[in-house]
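The structure appears below as structure tokens.
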Amino acid sequence: ILNVEQSPQSLHVQEGDSTNFTCSFPSSNFYALHWYRWETAKSPEALFVMTLNGDEKKKGRISATLNTKEGYSYLYIKGSQPEDSATYLCAPFGNEKLTFGTGTRLTIIP
Amino acid sequence: GAGVSQSPRYKVAKRGQDVALRCDPISGHVSLFWYQQALGQGPEFLTYFQNEAQLDKSGLPSDRFFAERPEGSVSTLKIQRTQQEDSAVYLCASSPRNPTESNQPQHFGDGTRLSIL
């Protein structure tokens with residue numbers, strides 16, 4: 001079982017501010033790192049799948065970086081909007097399956 | 001719709017009853033996954049299928065849990081003699097390629113919230 005840690009557990013951010021949070025995972029036997037966004041009463045939605053060390057991906061105001069040697073990924077949100085309120089889950093792929101962290105619950109304050 | 005569909009959305013059962021949860025994956029998707037999400041936790045892997053073959057069921061918590069996908073499309077997760085600790089959200093996901101392909105994002109349903117009284 002992979003040990004996946006996400007921090008912080010929860011976060012309140014003022015609308016318009018930028019924020020970031022962390023996913024830590026074992027660096028050995030790395031294959032891929034997935035990020036998902038899960039809004040209340042909806043289904044988890046894939047944001048990024050990252051495979052290469054130093055990779056950086058961007059989707060609108062959201063971006064992510066990956067360091068496979070030290071086993072961490074950062075997710076950044078620029079200019080937070082109310083629709084960014086959700087739980088953000090990371091999941092490394094190992095042993096032929098995804099192992100999810102407990103998530104970072106982000107609340108945007110209007 | 002074109003997404004993953006799960007039913008029912010909510011299920012309340014008495015301890016000891018059997019329940020069946022259904023997942024309709026995206027048409028043509030090869031892989032289907034089941035996860036259990038307890039309160040305050042991330043989704044935990046239960047089992048996955050490649051077409052009709054159940055390749056990994058290592059995450060099933062006990063022999064009361066059983067999953068099938070007989071025709072390689074719709075899947076059912078059955079829980080026999082439910083216990084209170086089975087209360088959780090059960091998520092289903094599918095992807096178009098083989099389940100061992102690490103770079104394939106998974107497409108999730110809305111989940112079934114199961115409450116055992």
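Keep in mind that the numbers below use all heavy atoms, side chains included, and drop hydrogens, waters and symmetry copies. Here is the naming used below: chain letters follow the sequence lines, and residue numbers restart at 1 for every chain. Just so it is clear, the model here is predicted, and its values are computed rather than measured.
Looking at B:Leu55, neither its backbone nor its side chain comes within 4.5 Å of chain A, counting heavy atoms on both sides. Contacts between B:Asp110 and chain A at a heavy-atom distance below 4.5 Å involve backbone atoms as well as side-chain atoms. Contact annotation for A:Leu98: both backbone and side-chain heavy atoms come within less than 4.5 Å of a heavy atom of chain B. Contact annotation for B:Arg113: neither backbone nor side-chain heavy atoms come within less than 4.5 Å of a heavy atom of chain A. A:Phe100 touches chain B through backbone and side chain together, each having a heavy atom under 4.5 Å away. Contact annotation for B:Tyr35: only side-chain heavy atoms (C-beta onward) come within less than 4.5 Å of a heavy atom of chain A.
Within a 6.0 Å radius of CD in B:Glu71, no more than 12 heavy atoms belonging to other residues, nucleotides or ligands are found. Shown here is B:Leu39, whose CG atom has no more than 12 heavy atoms of other residues, nucleotides or ligands within 6.0 Å. Enclosure of atom CD in A:Glu45 by more than 12 non-hydrogen atoms of other residues, nucleotides or ligands within 6.0 angstrom is indicated.
B:Ile79 and B:Phe33 end up in different hydrophobic clusters when Ile, Leu, Val, Met, Phe, Trp and Tyr side chains are linked at under 4.5 Å. A continuous path of hydrophobic side-chain contacts links B:Leu21 to B:Phe65 [ILVMFWY only; heavy atoms under 4.5 Å]. Under the 4.5 Å side-chain contact rule for hydrophobic residues, B:Leu114 and B:Trp34 share a cluster. B:Tyr90 and B:Leu60 fall within a single hydrophobic cluster, where Ile, Leu, Val, Met, Phe, Trp and Tyr side chains are chained together by heavy-atom contacts under 4.5 Å.
As a member of the Ile/Leu/Val/Met/Phe/Trp/Tyr network built from side-chain separations under 4.5 Å, A:Leu66 groups with A:Leu11, A:Val13, A:Phe21, A:Phe25, A:Phe30, A:Leu33, A:Trp35, A:Leu47, A:Phe48, A:Met50, A:Ile62, A:Leu75, A:Ile77, A:Tyr88, A:Leu106, A:Ile108.
Summarising the geometry, atom CG belonging to B:Leu46 is positioned 11.0 Å from atom NZ belonging to A:Lys97; distances are rounded to the nearest 0.5 Å.
Listed in order of number, the residues of residues 95-109 of chain B that approach chain A to under 4.5 Å between heavy atoms are B:Pro99, B:Thr100, B:Glu101, B:Ser102, B:Asn103, B:Gln104, B:Pro105, B:Gln106, B:Phe108, B:Gly109.
The minimum heavy-atom distance between A:Leu89 and B:Pro43, with the atom names listed, is CD1-CD, 3.9 Å.
In this structure A:Gln81 satisfies the side chain to side chain contact (heavy atoms under 4.5 Å, CB included) test together with A:Glu15, A:Arg61, A:Glu83, A:Asp84, sequence neighbours excluded.
Residues in residues 23-34 of chain A take part in these side chain to side chain donor-acceptor pair (under 3.5 Å) pairs, two or more places apart or across chains: A:His34-A:Tyr36.
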### Task
Given side chain to side chain contact (heavy atoms under 4.5 Å, CB included), test A:Asn95 with B:Phe45 step by step and report yes or no.
CA-CA 11 Å; A:Asn95 298 326; B:Phe45 169 81; over 6 Å; no
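When the candidates B:Gln37, B:Gln6, B:Glu44, B:Arg9 are compared by the number of heavy-atom contacts under 4.5 Å with chain A, B:Gln37 comes out ahead.
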